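We number each residue from 1, following the sequence as shown. What you see below is based on every heavy atom in this structure, not just the backbone, and it leaves out hydrogens, waters and symmetry mates. Every value quoted in this text rests on a predicted model; they were computed, and no experiment measured them.
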Amino acid sequence: MTETVRRHAPPHPGRRGFAALLAANAAGKGDHVAFRFLARAGAVDADLTWAELFEAAGRQAGALHDFRGRQVGLLCNRPRDFVVSLAAIFLARAVAVPMPATLSRRSSEHIGAIISAADLAAIIAPADVLAADWLTTRMAPTLSRLPLEDLRNHAGVHPDQGDDFDVDLPLILQFTSGSTGRPKGVALSQSNLLANCEAIVEAYQLGPEDIGLSWLPLHHDMGLVGHVLVPIFLGGRSVIMDPLRFLQKPLSWLEAIGRERATITSAPNFAYELCNLAASSASGPALDLAGLATAVCGGEPVLPETLDGFVENFARFGFRQSAFAPSYGLAESALLVSTGKNAYGPAKLVSRDGPHAVRSFIDLGNPVAGMRVRIVDPVERRECTEREIGEIEIAGTSVGQRLDHERSEWTPTGDLGFLTAGRLAVSGRLKDMLVLRGENLPPADVEAAAMRVGGALVTGGVAAIGVNRDGTQALVVVAEVRSGQRPPLDDLRRRMREAVSTATGHVPEDIVLVNPASLPRTTSGKLQRSRITALYESGGLLAAFDREPAAPLSHA
């Protein structure tokens, strides 16, 4: 049997909604800091107490009374504005639609897709953003523009603090990051979000005294639920760091953890790997990780070599292996589905799928409270057997309603994985699956094999794609190469081809080497294999070097 479920007592019928939680936090701990925002230079930009948050959100909510029950887009590039406006939407009983705050060509396409799919009644944003051509051309004339500057100065009054908003109606319309195509929306009710917050608190053993720290985008599930909604749910403190500060200096994240005495943080695998690469510049006085009880790693495949490297590099600064919490989640479940956090540190699970060497994956644990997981064959839709790889499906109290699917008991995730004694491992994405000579081959297998050639390749910067060749797929590997660490290119390609061939039985037709950070990624940092494939086939994928022919494989 490959369905597993973790049972828990049903939520208390008197559980308060987010509007009431905001009011209760303001009344009970009004002078306590709720959110701290760190500037790009690392210093404290602003503190926001619970009383200040409730008062500022109440003013904005007074201007939103016409949008009760309707979708309101949230496009705020300053985290403080985002948090206050989100709280205002909750108080006004509207439906929040968070959108990427970093304005770029890629994010503008993402925002345009959300606007066209979300049926927005209004957008909250700074006045200059609302006037920008790239946005105005995407907005219908009937869509209300709500400049932040006007909302901040609104003379409205606090709305009723009661919980009269139907807990089963949408509270947040959350969109996926679009790693395999256009972003897809999921309507999350207040009940879904409260259930997931409750499950997160139980899974990571959190309390009001915990301090979270994150540089993650607030429009995305890991930053939004983990570091905005959970603190509201608990009445704890959340420290929000500028994402660009982290990208410019990855160790600034770890420095801030120690300085702010953070007990929990969250990030994808690539963030921990960037810290590994920068570890040689770490210094004792600047780092203190002894107080970090939980380091969530999720949002993309969790690589054991990254976790092992992080422990090796940062144990001397107090980091404990048991703090690692490799986890699985997605927008459809608000955030968390399962976690492998335990007292001994990350473990591994072994699949029995595939004709080649046995493959092991990070143990992502049992489903959290109220969640159910099963594995089904992607073609036959039968339930898979123990350790057999198939598509992950989820059900439970946290699961919202996908806009592109009719409601059903089970929600397909598009992720591939397997269960062992009820514990989950994730092996890849269904839409990314390569079909070579009739054999299904997860791109993660190819990418992991290519990475074994040494340190020249950027961890998380290798993509295996399938391109059309006379009605069939041919294997191509595209890889980012670290600056200043480039061996002879023909030798690097030859070793990559041999490594992939040995591990999978398939020889790449082409290997393209590109500069670091040049491959398209989602707003949450995941490689977009579909876009990489399109760029390769159109000739738009620019190599970092002259294209040298790869050396033939040796058959000696």
Side-chain angles (χ1 to χ4, degrees), residues 35-47 77-80 82 100-104 106-107 211-218 220 222-223 226-227 238-292 295-300 303 306-307 309-319 323-324 455-461 480-485 515-519 521-527:
F35 292 89
R36 168 166 288 177
F37 304 97
L38 303 183
R40 194 163 297 175
V44 175
D45 181 45
D47 281 344
N77 53 5
R78 292 185 66 233
R80 186 187 187 280
F82 180 96
T102 303
L103 304 181
S104 64
R106 183 175 71 190
S107 65
I211 299 173
L213 187 142
S214 171
W215 52 265
L216 295 164
L218 297 185
H220 195 254
M222 196 183 296
H227 292 273
S238 182
V239 181
I240 306 299
M241 178 178 167
D242 192 298
L244 289 179
R245 171 69 174 168
F246 163 73
L247 293 173
Q248 291 166 353
K249 184 185 177 185
L251 292 184
S252 63
W253 170 36
L254 306 188
E255 292 169 0
I257 287 172
R259 188 170 59 250
E260 299 294 332
R261 304 188 307 281
T263 57
I264 180 170
T265 193
S266 313
N269 189 92
F270 82 86
Y272 293 96
E273 182 60 27
L274 287 178
C275 289
N276 286 339
L277 297 176
S280 61
S281 63
S283 60
L287 292 184
D288 179 6
L289 303 179
L292 187 64
V296 179
C297 186
E300 64 178 1
L303 304 181
T306 296
L307 304 191
F310 194 89
V311 172
E312 180 180 348
N313 288 319
F314 297 101
R316 70 184 189 274
F317 302 114
F319 183 80
F324 263 132
L457 303 182
V458 174
T459 300
E480 295 177 338
V481 182
R482 294 179 185 173
S483 301
Q485 298 185 36
N515 282 318
S518 60
L519 295 179
R521 288 172 166 83
T522 68
T523 55
S524 61
K526 301 176 187 176
L527 286 178

Could you tell me whether a side-chain N or O of [X] sits under 3.5 Å from a main-chain N or O of [Y], the two making a donor and an acceptor?
X	Y	value
Ser238	His227	yes
Glu300	Phe270	yes
Arg261	Gly258	no
Asn269	Leu303	yes

Interatomic spacing from [atom1] in [X] to [atom2] in [Y] - rounded to 0.5 Å:
X	Y	atom1	atom2	value
Ile257	Asp288	CD1	CG	10.5 Å
Thr306	Tyr272	OG1	OH	11.0 Å
Phe314	Leu289	CZ	CG	7.5 Å
Thr265	Leu216	OG1	CG	7.0 Å

Do the side chains of [Y] and [X] get nearer than 4.5 Å, heavy atoms only?
X	Y	value
Leu38	Val44	yes
Phe246	Met241	yes
Ser266	Ser214	no
Asp242	Phe37	no
Trp253	Leu213	yes
Arg482	Leu277	yes
Phe310	Leu254	yes

Closest approach of [X] and [Y], non-hydrogen atoms and distance?
X	Y	value
Pro268	Cys297	C-SG, 4.2 Å
Asn515	Glu480	O-CG, 3.5 Å
Arg245	Arg40	CD-O, 2.6 Å
Val458	Pro516	CG2-CB, 4.3 Å
Leu287	Leu251	CD2-O, 4.3 Å
Pro79	Ile240	CB-CG2, 3.9 Å

